[in-house]
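In what follows, chains are A, B, ... by sequence order, proteins preceding strands, each numbered from 1.
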2 protein chains.
Amino acid sequence: MEDLTARARIRNAALEQFATHGLKGTTIRGVAEAAGVSPGLVQHHFGSKQKLREVCDEHVMREIRRIKMDALDTGTGDPGYLSAVVRASVPIRRYLARTLVEGSPAAAKLFDESVEFTKEMLEAPPPGLSKPATTDLDAYAAAMTSIAFGVVALHEHLSRALGEDTLSAEGYPRLAKALMEIFTDNIMDPDLVGRNKEALDRMEGGGRA
Amino acid sequence: MEDLTARARIRNAALEQFATHGLKGTTIRGVAEAAGVSPGLVQHHFGSKQKLREVCDEHVMREIRRIKMDALDTGTGDPGYLSAVVRASVPIRRYLARTLVEGSPAAAKLFDESVEFTKEMLEAPPPGLSKPATTDLDAYAAAMTSIAFGVVALHEHLSRALGEDTLSAEGYPRLAKALMEIFTDNIMDPDLVGRNKEALDRMEGGGRA
DNA sequence: GTCTATATAATGATAGAC
DNA sequence: GTCTATCATTATATAGAC
């Protein structure tokens, strides 16, 4: 596991640094130190910090797509992107969490793809799933995607609140079961649902931000 | 609205800069320029960049708590933190989105408070709400909180996917209605739910991350 | 491929004039 | 209170030795 080329070690170190310190907070020097090489070598291999970040971006998004396609190919009944995000390695998910909020073209594309994929799945549901009762499937699919990516983006807070790492094989199932319970039990009275929808409609009309 | 003290204008400009560029990406010079003052004046009023950020943090969290208490006092049947986050001004929510992922003691405290508040609400549900059917109320409350904060954290992606700003009075109701539909319709067969839970239990046992 | 040395730019922070 | 000038630090990026 440690006999990687220097280039690969640098990229992995950069992945971790970008995930921890963000785009601006990550330095060539920091990456070099974490990878056990000189700052000059980082420049030699990747040219610039911006280029290094693009390589990391593409690697992360490609990895998530790869896992998604694997799951679809092996026919595990896997819902696709959502579980691909879940199955990705911890560094990949930590990187994704940061990048989703800092913003990057690659992360935006992945999110959009995921919304589109979810929408298609809801339009032609696989066995065990039925079509949602909504007049706004775009919003429905986007909201679902947001929930799946949101628990990754906020994993640090969730882990602290639950006392265990929700990116780990121990903590994640606990979180996923809770999410499934939220989706399956109906704790809101139909009456309350109706009133809330009316309130939202009023807001859509002439409310404030 | 524009006859604020220079100190307040600087803080508001800093709020916006931190939300847009993050902690490391924000510069004293950038804040000064946005506020229309000299960099020296920023230092004079706040001493250091770190101190400026702490002031912004505290201001944002205090504002969200204030809105929460207002909603509870006026007895609108408001669920508390969740809608407080929603009702906060756009700059406040943009700042919160960034800070939730970059991490700060103040944001962590707000999240933890929100989980605790949600848990207490679920233990003694107000009219219209019933107790959730879960054996893990902590995870249930944390997951609910994560959904509410998650749509704020990912508002940029949601807005792009939906073609309108989900932090605005037009875009938000659309998203909220979709979320309510997700909570109220049950698109998963009980059979599939059972199988998924079993799969999660197996993962909890001896799976990988 | 890998390193050291260095040029150049940007940033946080201080000092002092007005 | 507000500004300009300046310092010390740290960053990216380049050049060239090994």
Side-chain angles (χ1 to χ4, degrees), chain A residues 1-60 95 98-99 101-107, chain B residues 1-60 95 98-99 101-107:
Chain A
M1 201 59 137
E2 281 305 323
D3 53 347
L4 297 167
T5 65
R7 192 188 149 92
R9 270 189 299 124
I10 291 169
R11 195 207 52 201
N12 287 345
L15 221 59
E16 205 276 326
Q17 293 282 304
F18 281 129
T20 304
H21 304 293
L23 175 57
K24 293 286 294 190
T26 293
T27 65
I28 302 270
R29 283 168 167 73
V31 171
E33 191 179 0
V37 300
S38 71
L41 191 61
V42 177
Q43 300 275 9
H44 172 73
H45 277 300
F46 296 93
S48 71
K49 180 178 161 179
Q50 178 56 33
K51 184 64 190 162
L52 175 58
R53 134 93 154 196
E54 284 164 22
V55 169
C56 287
D57 252 38
E58 281 155 27
H59 175 253
V60 165
Y95 183 96
R98 261 283 178 158
T99 307
V101 169
E102 294 202 327
S104 84
Chain B
M1 203 58 136
E2 281 304 325
D3 53 349
L4 296 167
T5 65
R7 192 190 149 91
R9 270 190 298 123
I10 293 170
R11 195 206 51 200
N12 286 345
L15 220 59
E16 206 276 325
Q17 294 281 305
F18 280 129
T20 303
H21 303 294
L23 174 57
K24 292 286 295 189
T26 294
T27 65
I28 301 269
R29 282 169 170 77
V31 171
E33 192 179 0
V37 299
S38 71
L41 192 61
V42 176
Q43 300 275 11
H44 172 73
H45 277 300
F46 296 93
S48 72
K49 181 179 163 179
Q50 178 56 32
K51 183 65 190 162
L52 175 58
R53 133 93 155 198
E54 284 165 20
V55 168
C56 287
D57 252 38
E58 281 157 25
H59 176 252
V60 165
Y95 183 96
R98 241 330 218 282
T99 307
V101 170
E102 294 202 326
S104 83

Looking at D:dA13, D:dC3, C:dG1, which one has an atom nearest to any side-chain atom of A:Ser48? D:dA13

Provide the closest heavy-atom pair for A:Val60 versus A:Leu15 in the form atom of the first, atom of the second, distance. CG2-CD1, 3.7 Å

Write down the protein N/O and nucleotide N/O pairs, taken from nucleotides 6-10 of chain D, whose separation is under 3.5 Å; answer none if there are no such pairs.
none

For A:His44, answer base if it contacts any base atom (sugar-phosphate contacts may also be present), sugar-phosphate if it contacts only those atoms, and nothing otherwise; contact means non-hydrogen atoms under 4.0 Å. base

Tell me what A:Ile28 touches on the nucleic acid: a base, only sugar-phosphate, or nothing, going by heavy atoms under 4.0 Å. sugar-phosphate

From CG of A:Leu23 over to P of D:dA11, roughly how many Å is that when rounded to an integer? 14 Å

Please lay out, stage by stage, how A:Ile28 and A:Phe46 fare under the test side-chain contact (heavy atoms from CB on, under 4.5 Å). CA-CA 10 Å; A:Ile28 302 270; A:Phe46 296 93; over 6 Å; no

Looking at every strand, decide which applies to B:Thr5 at a 4.0 Å heavy-atom threshold: base, sugar-phosphate, or nothing. nothing

Decide side-chain contact (heavy atoms from CB on, under 4.5 Å) for A:Thr99 and A:Arg53; before the verdict, give the C-alpha distance in whole Å, the side-chain angles of both, and the deciding distance to 0.1 Å. CA-CA 10 Å; A:Thr99 307; A:Arg53 134 93 154 196; 4.3 Å; yes

For A:Phe46 and C:dT2, give me the distance from atom CZ to atom P, rounded to whole Å. 11 Å

Say you draw a straight line from CG of B:Leu41 to CZ of B:Arg9; how long is it, rounded to the nearest 0.5 Å? 8.5 Å

Give the rounded distance in Å between these two atoms: CD of B:Glu33 and C1' of C:dA10. 14 Å

Between CG of A:Leu41 and C1' of C:dG1 the distance, given in whole Å, is 7 Å

Any idea which of D:dG1, C:dT14, D:dT14 is nearest the B:Gln43 side chain? C:dT14

Figure out the CZ/P separation between A:Arg7 and C:dT2, and round it to whole Å. 12 Å

Distance, rounded to the nearest Å, where B:Leu4 contributes CG and D:dG1 contributes P: 15 Å

What is the distance from atom CD of A:Glu58 to atom OG of A:Ser104, rounded to the nearest 0.5 Å? 9.5 Å

Between atom NZ in A:Lys49 and atom C1' in D:dT14, what is the gap in whole Å? 18 Å

5'-most contact on DNA chain C: B:Gln50 or A:Gly40, nearest heavy atom basis? A:Gly40

Please check: side-chain N/O of A:Glu102 versus main-chain N/O of A:Leu23, any donor-acceptor pairing under 3.5 Å? yes

Main-chain N/O of A:Phe18 paired to A:Arg98 side chain as donor or acceptor, under 3.5 Å: no

Rounded to the nearest angstrom, tell me the gap between atom NE2 in B:His45 and atom P in C:dA13. 16 Å

